[in-house]
Student: 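After the structure tokens below, expect a handful of questions from me.
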Amino acid sequence: MTENRFDSARADARWQAAWADAGTFTADSHAAKPKSYILEMFPYPSGRIHMGHVRNYTMGDVLARYRRMRGDEVLHPMGWDAFGMPAENAAMEKGVHPGEWTRANIAQMKAQLKRIGFALDWTREFATCDPEYYGHEQALFLDLYEAGLVYRRSSSVNWDPVDMTVLANEQVIDGKGWRSGAEVEKRELDQWFLKITDFAEDLLAGLDDLEDWPDKVKLMQENWIGKSQGLEFSFELSDGAKLPVYTTRPDTIFGASFVAVAADHPVAQGLSDDPQVAAFIEECKRGATTAAALETAEKLGYRTAITARHPFTGQALPLFIANFVLMDYGTGAVMGVPGHDQRDFEFATKYKLPIARVVAPDPSKADAPFEGEAESGDGVIVNSDFLDGMSVEEAKAEVIARAENAGWGEGTTVWRLRDWGVSRQRYWGTPIPIIHCDACGIVPVPKDQLPVKLPEDVDFETPGNPLERHPTWKHVDCPCCGKPARRETDTLDTFVDSSWYFLRFASQPDDRPFDPEEIAKWLPVQHYIGGIEHAILHLLYARFWTRALAHIGKLSVKEPFAALFTQGMVTHETYALGDGSWLSPDEVKRNGEDYVHIESGQPVTAGRVVKMSKSKKNVVDPDRIIEQYGADAVRWFMLSDSPPERDLPWSDSGIEGCGRFVQRLWRLFGQFDPSATGEDKALLRKAHQAIVAVAEDIEALSFNKAVARIYELTGATEKAAPSESRNFAIRTILHLAAPMMPHLAEEAWAAMGGEGLIADAPWPEHDPACLVEDEVTIAVQHKGKLRDTLTAPKGASKEDLEALALASEKVQRSLDGADIRKVIVVPDRLVNIVT
RNA sequence: GCGGGUGUGGCGGAAUGGUAGACGCCGGGGACUUAAAAUCCCCUGAUCUUUGAUCGUGCGGGUUCGAGUCCCGCCACCCGCACCA
């Protein structure tokens, strides 16, 4: 009696061991083959692999296995983004050392990944918390420091009062910390910065070359970098001072009716002895923090006694302190042109300031009134002296030219992008390799003393930075003068760790961070796959870091990721009890149309389908599913149905279907019959068509379509009678499905007596001659509707097709004797009869 | 507010301007079985006067012999940014 069920538990383990023993997926930098670097964003070792990881890594895995079948030497590595706050939180909550906690999580998650059978090169695995890794990172930091791309300054920072740490602008969402969700405060601290702004222009221009990045991501980066061009010029103030302002609309300068500065602008601060001014400044600080408040915030101003002299008309414009002017953009001061800027319009309306028109649709409408809002669109300049009649663009250039000639202003570019603050007042991160000496100032740690290792004996009893409190760690002798000095106790933002890990995967010498020549063999990454949530932060930093290293001659590549793919999330229905508490899918059962709580029998409300998250309890544990259905069924599910960029709704019946299909294929593979003879031309054609189509689909990352093709070919093959062609079709399915269901494929390959591992077998060749159809189905339309379908020989003439169509009984009935005005024939496709 | 995306059966989704709904899931019917599981077969957009016809891809127009697809104007939802001068 033959076993006719595929035993996934046995097969999964067997083939995972076989790949590991053979070193199948170990990448060889010296191989003569073409190289493919397939990379998925490495995970934070939070404790367990979740379905989102499984989906992400399955996509990369299919690509990696496919590229191997296509003859490439593939680098498909995995590692751990291992520094970060959760480890410290665990330390505080459970009294376990962050390193210990992290290592245990890594061990667990690695075992989980292995059970899914990913084609990973584990020989290159590392964690960013390995001293070897962060030691090299410290060396790179010092390289950038020497190149002048790192600096320290006191600055107002975003302080997260819950996590007790500094956040980058990018980590503040709606005025709240991205992790803790706590309201962010402002604090003055000495901080380390990376000069990402030096590369603003280049980072922006580089986006144009990233053809295989989603437009959405490029646009988000473009907006984040925020280039704007305009005029910076100074107003002479009535108190004799000069006030620099920045405007992108110098063409509207004759429409200026006031000048405004930010509440924290020096001019405003200079007036703060006046209690009214001080009170207004306080009010501004209180108001504008959250997005919700900003949306409805009224434009508020305080009119000072100072006036500003208009550079052309000499008119005295009132100077306001205004709540809508931002200190950290441009110069922190603006000229107010109410007619052509909505904020200025609202402000002028409230404070009864003149609203002049200086741009009009055409010169005859120079005095047209405004209809309740500013007009920021294009037009012709009016009421503006020498600018009258010019276009907006001409006028901009003219004003800039005159300002530059007269010396009171110049054309400038202003960026939204800020330098990257990398200091974190945290223990579990890469120590910044700097020593502070009272005599010598800031002294880099000599490279031969790297890595600066984190001390192991730390306590997490009190919030804040344990490095600061450590009894000995920060006390060192100055490398310059030998006198007692202090170590920097800040650690690096973990985004630094993930800004170069892809380089270390490609090349990992002991004595330096990487070898540029070896990097050049693999980079840029051919497919980089991860979540859209990294569209700005990680991806911009990685692009910057790579550029910065290229800039100082450490690298020859500038763009790390040739193609980016942002995959959708794995979602699941949510379940809630009447009191609003969430239930996990295990806790509910279906009762007809409704759900009930298994334990209490209470009715359960099925809610929206949203991203799986612990807080909503709508998670499904991959391990449990693998145990039940095997790795291949889970992998297949991750690839089926939803296009990869969209969300994938998890369903129990879906995974059951995948489990059934694994068994169905296993039965079909068992029908491979070496003694069968004869040709089945139609099936042969379908098999060859599938070879072409599945390859195209995989290359386009349309895994859902590749899956559908395999289903189709499977269905056709099952129905076909035994023949040599059928054997070919069976073998074809085996190869096409191998990147997606590798364990089943190996097991069947071995059972069929295939040589070696199917993981090493090439992608099947298609025969173009077999693709050609000899018969085609022709649609016949009349009055724009389908009336009949006919079978005709491929390549039949227009005349023949027309005659065939008119001979159809159904067509004749539809025509009902009407006069035929025109017949349109598309060869091999359709006949459309117009009456 | 600005920018981007999406909208197709009960559900996930297919469809170079050329047979809308491939493929999967759910559902219905049947076969096999003492019974069940498993498996296999058939049906499965809506409506109607059901050998057939009409309607149907968010809504309203348009181009075309022919529109899910192209153009114009809306609507809804999702995502990103947000007082950026």
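Every chain is numbered from 1, with letters handed out A, B, ... down the list of sequences.
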Student: Could you state the CG-C1' distance from L648(A) to U6(B), rounded to the nearest angstrom?
Tutor: 17 Å
Student: Using the P atom as the reference point in each nucleotide, state the distance between G56(B) and G62(B) in Å, no decimals.
Tutor: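 It works out to 14 Å between them.
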Student: Write down the distance between CG (D647(A)) and P (C79(B)), rounded to a whole number of angstrom.
Tutor: 10 Å
Student: Base, backbone or nothing for each nucleotide of nucleotides 19-29 of chain B, written B, S, -, heavy atoms under 4.0 angstrom, 5' to 3'?
Tutor: B--BSSSS---
Student: OP1 or OP2 of A85(B) versus the side-chain N and O atoms of Y329(A): is any pair under 4.0 Å?
Tutor: yes
Student: P585(A) and H572(A): which non-hydrogen atoms are nearest, and at how many Å?
Tutor: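 Closest approach of P585(A) to H572(A), heavy atoms only: CG-CE1, 3.7 Å.
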Student: Would you mind reading off the distance between I536(A) atom CD1 and C81(B) atom C1', rounded to a whole angstrom?
Tutor: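 Taking CD1 of I536(A) and C1' of C81(B), I get 7 Å after rounding.
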Student: Aromatic rings Y711(A) and W636(A): how do their planes relate, parallel, tilted or perpendicular, breaks at 30° and 60°?
Tutor: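 Rings of Y711(A) and W636(A): perpendicular, as their planes differ by over 60°.
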Student: To the nearest angstrom, how far is E802(A) atom CD from C65(B) atom C1'?
Tutor: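 For the pair E802(A) CD and C65(B) C1', the rounded distance is 13 Å.
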Student: Roughly how many Å apart are U19(B) and U69(B), using the C1' atom of each and rounding to a whole number?
Tutor: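 Their C1' atoms lie roughly 16 Å apart.
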Student: In whole Å, what separates the P atom of U64(B) from that of A82(B)?
Tutor: 46 Å
Student: Taking the C1' atom of each, how far is A76(B) from C84(B), in whole Å?
Tutor: 30 Å
Student: Can you tell me how far C1' of C84(B) sits from CZ of R418(A), to the nearest Å?
Tutor: 9 Å
Student: Over all strands shown, is V245(A) touching base, sugar-phosphate only, or nothing at heavy-atom distances under 4.0 angstrom?
Tutor: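 Here V245(A) touches no strand at all.
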Student: Tell me which pairs pass ring pair (Phe, Tyr, Trp, His ring centres under 6.0 Å) where either residue lies in residues 685-708 of chain A, with sequence neighbours left out.
Tutor: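 Checked against ring pair (Phe, Tyr, Trp, His ring centres under 6.0 Å) - neighbours excluded - the pairs reaching residues 685-708 of chain A are H688(A)-F728(A).
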Student: Can you tell me, in whole Å, how much space there is between the C1' of U63(B) and that of C55(B)?
Tutor: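 Looking at atom C1' only, U63(B) and C55(B) are 23 Å apart.
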Student: Would you mind listing every side chain to side chain donor-acceptor pair (under 3.5 Å) that reaches into residues 213-223 of chain A, with sequence neighbours excluded?
Tutor: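 Those involving residues 213-223 of chain A are Q221(A)-R543(A).
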Student: Kindly assign one of parallel, tilted or perpendicular to the pair H310(A) and F235(A), based on the angle between their ring planes and the thresholds 30° and 60°.
Tutor: perpendicular
Student: Using ring centroids (six-membered ring only for Trp), state whether H340(A) and F370(A) fall under 6.0 Å.
Tutor: yes
Student: Do any side-chain atoms of residues 648-659 of chain A form donor-acceptor pairs under 3.5 angstrom with protein atoms, and if so which ones, sequence neighbours left out?
Tutor:
from: W650(A); atom 1: NE1; to: D652(A); atom 2: OD1; distance (Å): 3.4
from: S651(A); atom 1: OG; to: G654(A); atom 2: N; distance (Å): 2.9

Student: Between G58(B) and G66(B), how far apart are the two C1' atoms, rounded to whole Å?
Tutor: 23 Å
Student: From NZ of K719(A) over to P of C40(B), roughly how many Å is that when rounded to an integer?
Tutor: 10 Å
Student: For RNA chain B, report each stem as range with range, ordered by first number, or say none. Use Watson-Crick or G-U wobble pairs under 3.5 Å, at least 3 in a row.
Tutor: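 Expected stems, ordered by start: B:1-7 with B:75-81, B:10-12 with B:23-25, B:27-31 with B:39-43, B:45-48 with B:52-55, B:58-62 with B:70-74.
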Student: Name all residues meeting the side-chain contact (heavy atoms from CB on, under 4.5 Å) criterion together with T717(A); count only those two or more places apart in sequence or in a different chain, and write none if there are none.
Tutor: L668(A), L683(A), L713(A), R726(A), A729(A), I730(A), I733(A)
Student: Could you work out, with salt bridge (Lys or Arg N to Asp or Glu O under 4.0 Å) as the rule, every residue matching E232(A), not counting sequence neighbours?
Tutor: none
Student: Of the nucleotides C79(B), A85(B), C81(B), which has the atom closest to the K216(A) side chain?
Tutor: C79(B)
Student: Taking atom P in both A53(B) and G5(B), compute the distance separating them and give it to the nearest angstrom.
Tutor: 41 Å
Student: As a test of understanding, state which of F347(A), F345(A), Y329(A) forms a ring pair (Phe, Tyr, Trp, His ring centres under 6.0 Å) with F324(A).
Tutor: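 So, applying the ring pair (Phe, Tyr, Trp, His ring centres under 6.0 Å) to F324(A) and each of F347(A), F345(A), Y329(A), only F347(A) qualifies.
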Student: List every contact pair, protein side and nucleotides 54-56 of chain B side both N or O, where the distance is under 3.5 Å.
Tutor:
from: C55(B); atom 1: OP2; to: K785(A); atom 2: NZ; distance (Å): 3.3

Student: Please work out if R667(A) contacts a base, only the sugar-phosphate, or nothing of the nucleic acid, heavy-atom cut-off 4.0 Å.
Tutor: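 If one applies the 4.0 Å heavy-atom cut-off, R667(A) turns out to touch the sugar-phosphate alone, with no base involved.
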Student: What integer distance in Å separates D788(A):CG from G52(B):C1'?
Tutor: 13 Å
Student: Under the salt bridge (Lys or Arg N to Asp or Glu O under 4.0 Å) test, which residues partner K798(A), sequence neighbours left out?
Tutor: none
Student: What nucleotide among G7(B), G52(B), C65(B) has an atom nearest to a side-chain atom of R646(A)?
Tutor: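 Nearest to the side-chain atoms of R646(A), counting from C-beta on, is G7(B).
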Student: Just label G12(B) as syn or anti from its O4'-C1'-N9-C4 or O4'-C1'-N1-C2 angle, using within 90° of 0 for syn.
Tutor: anti
Student: Among the nucleotides G13(B), C81(B), G52(B), which one has an atom lying closest to any side-chain atom of W224(A)?
Tutor: C81(B)
Student: How do P649(A) and V325(A) order along RNA chain B: which one's closest nucleotide is nearer the 5' end?
Tutor: P649(A)
Student: By side-chain contact (heavy atoms from CB on, under 4.5 Å), which residues pair with T574(A), not counting sequence neighbours?
Tutor: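 Listed in chain order: W582(A), V610(A), K616(A), N618(A).
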Student: Once you apply a heavy-atom cut-off of 4.0 Å, does V826(A) come out as touching a base, just sugar-phosphate, or nothing?
Tutor: base
Student: Hey, could you give me each pair passing side chain to side chain donor-acceptor pair (under 3.5 Å) that has a residue in residues 823-833 of chain A? Not counting sequence neighbours.
Tutor: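 Residue pairs with at least one partner in residues 823-833 of chain A: Q781(A)-N832(A).
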Student: Please tell me which of S814(A) and D215(A) maps to the more 5' nucleotide of RNA chain B, matching each residue to the nucleotide holding its nearest heavy atom.
Tutor: D215(A)
Student: Please give, in whole Å, the distance from G12(B) P to F661(A) CZ?
Tutor: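 From F661(A) CZ to G12(B) P: 22 Å.
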Student: Name the nucleic acid region contacted by L219(A), choosing base, sugar-phosphate or nothing; use a 4.0 angstrom heavy-atom cut-off, strictly under.
Tutor: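 The residue L219(A) makes sugar-phosphate contact but no base contact.
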Student: Can you list the residues that meet the side-chain contact (heavy atoms from CB on, under 4.5 Å) rule with E393(A), with sequence neighbours excluded?
Tutor: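 So E393(A) forms a side-chain contact (heavy atoms from CB on, under 4.5 Å) with S391(A), K396(A).
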Student: Using atom C1' of each nucleotide, how far apart are A46(B) and G4(B) to the nearest Å?
Tutor: 35 Å
